[in-house]
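Each chain gets a letter, A, B and so on, in the order the sequences are listed, and its residues count up from 1. In this text, all values refer to a predicted model and were calculated from it rather than measured experimentally.
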Amino acid sequence: MALSCLTRALRSLTLSKPALLSSQAPVAQLKLGTLVSSTISQCRGFLTTASLKQNRTYWKQRDKYTTRPMGMKKTGGRDHTGRIRTRGIGGGHKQKYRWVDFQRLRYEPNKEGQPFEEKVVEVRYDPCRSADIALIAGGNRKRWIIATEKMQAGDIIKTSGVIGRMAVSANEGDAYPLGALPVGTLVNNLEVQPGKGSQYIRAAGTSGVLLRKVNGTAIVQLPSKQQVQVLETCIVTVGRVSNIDHNKRIIGKAGRNRWLGIRPSSGLWKRKGGWAGRKIKPLPPMKSFINLPLISTI
Amino acid sequence: MIPKATVSLFSPNIFLNASKLSAHGALSPQTRRNLRVSHCLAAKVPPPKKPREKVEIPGLEMVTYGDRMHYVPGLAKPVYPPWEMSFKDPRYYRSPPAQEMALYKDKPCYVFNQRTSILEGVRQAAWLTKTHVNPGLLPHLISLAAKPENQLPDQDERVQNAIKHARFWDTTEPRPRKEKYSNALLLNLLHLCASLQPTHPAVGRRILAENYSLAATWKRGEDLFQIRGQNGLLHCSMDPLPQICGEQEVLETSDRVLESFYPVSPTIDLQQVSVYKEEMNYTGFRGEYPYPHAHTLYFLETSDPNCQLRPEQFRAKMIMFTFGNALARAHKLYGVRPHSLLECPITVQAVGTNGRIFQFLVFQLNTTDLSGDDGIKNQAWLDEDVELYDFAKVRPFIKRKEVKVPAGLAGYKPETFGKFLALYLHGAV
C-alpha cells in the first residue's frame, strides 16, 4: 500500500507543469499543452516518517480474562499525539497490571441465574490503585476483585442478583442489588447501569450510603456527598473499601512521590485566578442515570 | 479448546524467516511482516483489524470486474472460492477448529499435567483420587533402615560427602544453581543406595527411567479426569511392591469421609479439553517391558518460571502422579472396568525434593471404583518437609561481625537418609 501511494505521488509529480522562466513561459505552455494529458491524478500527500501514533495500547488488548499480572506500558501523561496532556505524571516504579473484574455478578458459563458463593484466597497490595485487591475462587474460576475493609483469606462471600420482598441482612463483602439492601447500609463498587461493571466508590477507605429506595430506583450518596439515582437492579458490594488508612499516610520525602510516578509541579510562582481558594456552594442537583420514557407531546 | 503450548496473542517476532513457526509447519496468522513503518520490529503487533462487514442481499446479482481481469471503479470485487492444495503438504497444513476434529466430544475432560498447580493442594488431590492421606510414614517402613545390615558402611560420612559434592564441588562457578545441585544430590543419593546391591540382590532387578509419558483416565462423579505428562525419574522393578497395610485397615477406610472445600469446585485449575481420547491408559512403556512395576517416583522442582509450585502444590503433584502410575498399572492388570476392591492392592512410592527438603509419599491403590464418594478409598502416607541438612553455605553468614552460620555443611540430619534408604530398600529386603 505504501508502494502504491508512492507511485501515485510520483506519477502526479511528473504530469504537473514544471516551474519555468517567465520569458519562456508562453512557448513552453504551447509545447506542453499538447503533452499534458487530461488525467492529472490527484494525490494526497503521504508520510515519510514513522507512525505518528505514539501510545500503542496493545498491551491492554486481551480477550480472555486472566489472573496473571500483565506487563504495563506507562504513558507519562502523553496522549496519542505524543504531547503531554496531563502534567505531573511520569517515571515511577515499574508496575504489573492485575486485571480486576469489576462486574461482580458474573455467572459461570453454565450456572446462570443462581446466587453463588466464592472463597477469598488471598488479599494483597495492588500497585495500580489505592485499595487492596482480593483473589477469590469459586466454582471453576478465579478472579481479582476490590477487597473490602475486613476481608481476609478464607472468608466466604456471596453474590446474588435476586431482589426479595424483605431486605437482606448483608455481611461485609457480599454483593447484592440495591433493591435488596436495607436503607442506610454502607456500600462500595457502585454500578450505575445494571451489568456495566462498577465505576464509582472504588478508592481506598471510601464508602457510599444507600439513602432511600423509590419505586424501582435507589438513591445513593457518593463519598463527595453528591447523590445519585440508579436503578435498583444495579449490584453493589457492602462495606468500606480496604486500606482505610491510605489518606493518613505521610509521603515523607520528594523521592517517594517520584517512586509513585508523580512528577514535581513547576516551582514558579503563578498568579491564581478566580478558580483558586475555598468555595462554599450548595450541592449539585441529584444525578439520575435512569432513562425515563419520553412523554409524547400529542 | 485444544491443549496447546502457550502461543501468546501478541507475537513479538515478525520476521518471515524467524523460527516462530507453529507446530504444523505453517506461519501462524500473528506473524505478519509490516512494511509500512520504520520502528523497532520487536514491539507488540496491533491486533488485526476486522474488515468492513459486507451486506449480502439475496437475489441481487453483483456485477464484478472478474471478467474484465482488471479493476473497474464502480464494479464489485469478485469473490472466488478459497484455493486449497490438491495434495497434502505437511509444511502448509492448517488444523481444523476443535469442533471439526475427529475426537471432539461435547463433554469436556479435565486434564492434570506436569505444569498444573491446583489451588487447594493436597486436599484437592485427595478428593480427585479418592484417597485418605495419613500424616507420617508407617513405622515398620522406617525401621527397615534402622537395621545394621541394611545400612551402608560409613553411611553418614558418605552421605555428607555426597551433599558437599552436589552443593560445593560440582561446578567451576562460585556456587552451583539450584536445578543443578538438586539433580546432582538426588543422583548421588541413588548411587549410594545402589551400592548395597552385593548384599541385596533384589536391588539389581530394578532400573531407572526418565522422560516417560504417563496417561491414565478415570471417572469421578459425572466428570472425566485424565493425568497426562512426563513427571520425573521413575525407578521401576521386575517385582511388585508388597502391600503396606492390612485388609482390615483397607476396609476401615470406607468409613472415612473425604474433605470437601465448598465453594471451590474440585476441578479448579485443571485444564479443560474437548478433544481427547477416551480410555487412554498408558504406563509409559510398550509391550512386554521387563520392568513393568513402578517402584518409586523421584520429583525435582522445575526451573520453568511459569510453573513455580509451592510446597503444597508440589505435594499434590506427587500424589496425582503416583496415583496415575498405580491406576495405569491397575487398568493394565485388571481391565478398565471399575473394581471396588482390588485383590492385590498396588503400592507406589514417591520422593520429592528441592535440594534440601524432602517429601516422602507411599501410595496404595485399593480401588478403581472412583465414581462415588463412599466406599473403599485409596490410602497415602505423606511425610512432609523433612530436612536433610540445615545449611550448606558457600560463604559464611555473618551478622554484626559475628559468624551466625559457618561456611560448609551444617545441621546434617541422618534420619532423613534413613527414610530415603528405607523407601529404596522396600521390596528388596
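- A:Ala137 and B:Val264 get closest at one heavy-atom pair: O-CG2, 3.7 Å.
- Neither the backbone nor the side chain of B:Phe261 comes within contact range of chain A; no heavy atoms are under 4.5 Å apart.
- Residues of residues 106-121 of chain A that come closer than 4.5 Å to chain B, counting heavy atoms only, are A:Glu117, A:Glu118, A:Lys119, A:Val121, ordered by residue number.
- A:Lys142 places a side-chain heavy atom less than 4.5 Å from the side chain of B:Ile268.
- For B:Lys107, the NZ atom counts as densely surrounded, since its 6.0 Å shell holds more than 12 non-hydrogen atoms of other residues, nucleotides or ligands.
- Within a 6.0 Å sphere centred on CE of B:Met62, other residues, nucleotides and ligands contribute 12 heavy atoms or fewer.
- Heavy atoms from other residues, nucleotides or ligands lying under 6.0 Å from NZ of A:Lys150 number 12 at most.
- By the neighbour-count criterion of 12 heavy atoms within 6.0 Å, atom NZ of A:Lys74 is densely surrounded, having more than that number from other residues, nucleotides or ligands.
- Of the two parts of A:Arg141, only the backbone, made up of N, CA, C and O, holds a non-hydrogen atom closer than 4.5 Å to a non-hydrogen atom of chain B.
- When all heavy atoms of B:Tyr110 and A:Asn140 are compared, the pair lying nearest together is OH-ND2, 3.8 Å.
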